[in-house]
Amino acid sequence: MEKTLKAVIFDLDGVICFTDKYHYLAWKQLADRLGIYFDEVINNRLRGVSRMASLEIILERSEKAYSQEEKEAFAEEKNTTYRQLLANMSPADLADEVKNTLDELRARGYLLAIGSSSKNTKFILERIGLPTYFDAIADGTDITHSKPHPEVFLTAASKLGVEPALCAVVEDAKAGIEAAKAGGMVALALHGDAEGCGLEDENLGTFADLLKYLP
Ligand code: B16
Ligand code: MG
């Protein structure tokens, strides 16, 4: 890996912490109320995808067509349930491996940022005890184009003041790896459908493996 890399941009859900079970429970509650089939396989398609795009995937199984107004109300309903579930998170949901690796990367001189599709990013970072840890945060509130569009990562790089080619992105979603490559960044895959998707520059076996690739 290039020694000249200056910054690391982390996806949040599926990389820094794991909120997918809460996304699943909240979408499941909505889908059940609407009588729409929803399972873990469909839930996997929602990784890294925006809230409204996630809803469209869920509504693929609906026999009824809904208006834009109804869809916005459904997304809001899901988000209310999701935030109630997120309130259960605490600093115990941040793995020691993740925190120790972040600290070591910072000690090695890298700037650290978050690039997440989630509009709940700041709330989640507060819950896990990292409200002010990162040098920059780009999230769902900053962007109009969701991953695989590179906007969220380009925004993070711009907030850091680092050119995209000198940023590595860590992602668990193939859409995120596509976004990193579209932004001209080094793409590091960790688990999920990012791993082995064919577009990544490296596959990380574990979060701590970052220390092998980022000297
Ligand atoms: P919200 P990431 C993404 O976060 C999640 O992976 C995805 O499942 C979710 O739909 C999206 O955030 C939007 O989240 O409803 O909280 O705005 O993986 O990009 O950190
Ligand atoms: Mg993710």
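Here the structure is a predicted model, which means the values were calculated and not measured. Both counts, for ligands and for their atoms, begin at 1 and track the order of listing.
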What protein heavy atom sits nearest atom 19 (O) of ligand 1, and how far away is it? Ser117 N, 2.8 Å

Quick check on contacts: which atoms of ligand 1 are under 4.0 angstrom from a heavy atom of Asn120? 1 (P), 16 (O)

Please confirm if an N, O or S atom belonging to Glu171, backbone or side chain, lies less than 2.8 Å from the Mg ion (ligand 2). no

Please list, in number order, the atoms of ligand 1 under 4.0 Å from a heavy atom of Tyr82. 16 (O)

Centroid-centroid distance, Phe10 to Phe153, less than 6.0 Å: no

Tell me whether Gly140 reaches ligand 1 (any heavy atom closer than 4.0 angstrom to a ligand atom). no

Per-atom contacts, ligand 1 versus Leu12 - under 4.0 Å to a heavy atom: 20 (O)

For atom 2 (P) of ligand 1, the closest protein heavy atom turns out to be Asp11 OD1, 2.9 Å

Is the shortest side-chain N to carboxylate O distance from Lys6 to Glu163 below 4.0 Å? no

Heavy-atom nearest neighbour in the protein, as seen from atom 10 (O) of ligand 1, with distance rounded to 0.1 Å: Val49 O, 2.6 Å

Does Arg33 make a cation-pi contact with Phe74, if we ask for NZ or CZ under 6.0 Å from the ring centre and within 45° of the axis? no

heavy-atom search around atom 15 (O) of ligand 1 in the protein gives Arg51 NE, 2.8 Å

With no hydrogens and no angle check, is any side-chain donor or acceptor of Arg51 less than 3.5 Å from a backbone partner on Ala75? no

Taking Glu151's backbone N and O only, do any of them form a donor-acceptor pair with Thr155's side chain (distance below 3.5 Å, no angle check)? yes

Minimum distance, heavy atoms only, to atom 7 (C) of ligand 1: which one of Leu46, Val15, Ile57, Asp20 is it? Leu46

Nearest protein heavy-atom contact for atom 6 (O) of ligand 1: which residue, which atom, what distance? Gly48 N, 2.7 Å

Assess whether atom NZ of Lys181 is packed by more than 12 heavy atoms of other residues, nucleotides or ligands within 6.0 Å. yes

Measuring from the Mg ion (ligand 2), name the closest N, O or S atom belonging to Asp11. OD2

Measure the shortest side-chain to side-chain distance between Val15 and Phe207 over non-hydrogen atoms and say whether it is less than 4.5 angstrom. yes

Name of the Asp172 atom (N/O/S only) found closest to the Mg ion (ligand 2): OD1

Quick one: does ligand 1 sit under 4.0 Å from the side chain of Lys119, the backbone, both or neither, non-hydrogen atoms only? both

Is Val170 linked to Leu12 within one hydrophobic cluster, defined over Ile, Leu, Val, Met, Phe, Trp and Tyr using a side-chain heavy-atom separation of less than 4.5 Å? yes

For the 3.5 Å polar cut-off, considering only N or O atoms, please tell me whether Lys147 and ligand 1 meet it. yes

Going by an N to O cut-off under 4.0 Å, is there a salt bridge joining Glu171 and Lys147? yes

Closest non-hydrogen protein atom to atom 3 (C) of ligand 1, residue and atom name please, with distance? Asp13 OD2, 3.7 Å

Here the N/O/S atom of Asp13 closest to the Mg ion (ligand 2) would be O

Report, in ascending order of atom number, the atoms of ligand 1 lying under 4.0 Å from any heavy atom of Arg47. 6 (O), 8 (O)

Within 45 degrees of the ring normal and closer than 6.0 Å to the centroid, is that where the cationic atom of Lys78 sits relative to Tyr82? yes

Are Arg83 and Phe123 in a cation-pi contact, defined as NZ or CZ under 6.0 Å from the six-membered ring centre and within 45° of the axis? yes

Residue Ser54 vicinity, atoms of ligand 1 by number, heavy atom under 4.0 Å: 10 (O)

Consider only side-chain N and O atoms of Tyr133 and Asp103, and report whether a donor and an acceptor are under 3.5 Å apart. yes

Starting from atom 20 (O) of ligand 1, which protein heavy atom do you reach first, and at what distance in Å? Ser116 OG, 2.7 Å

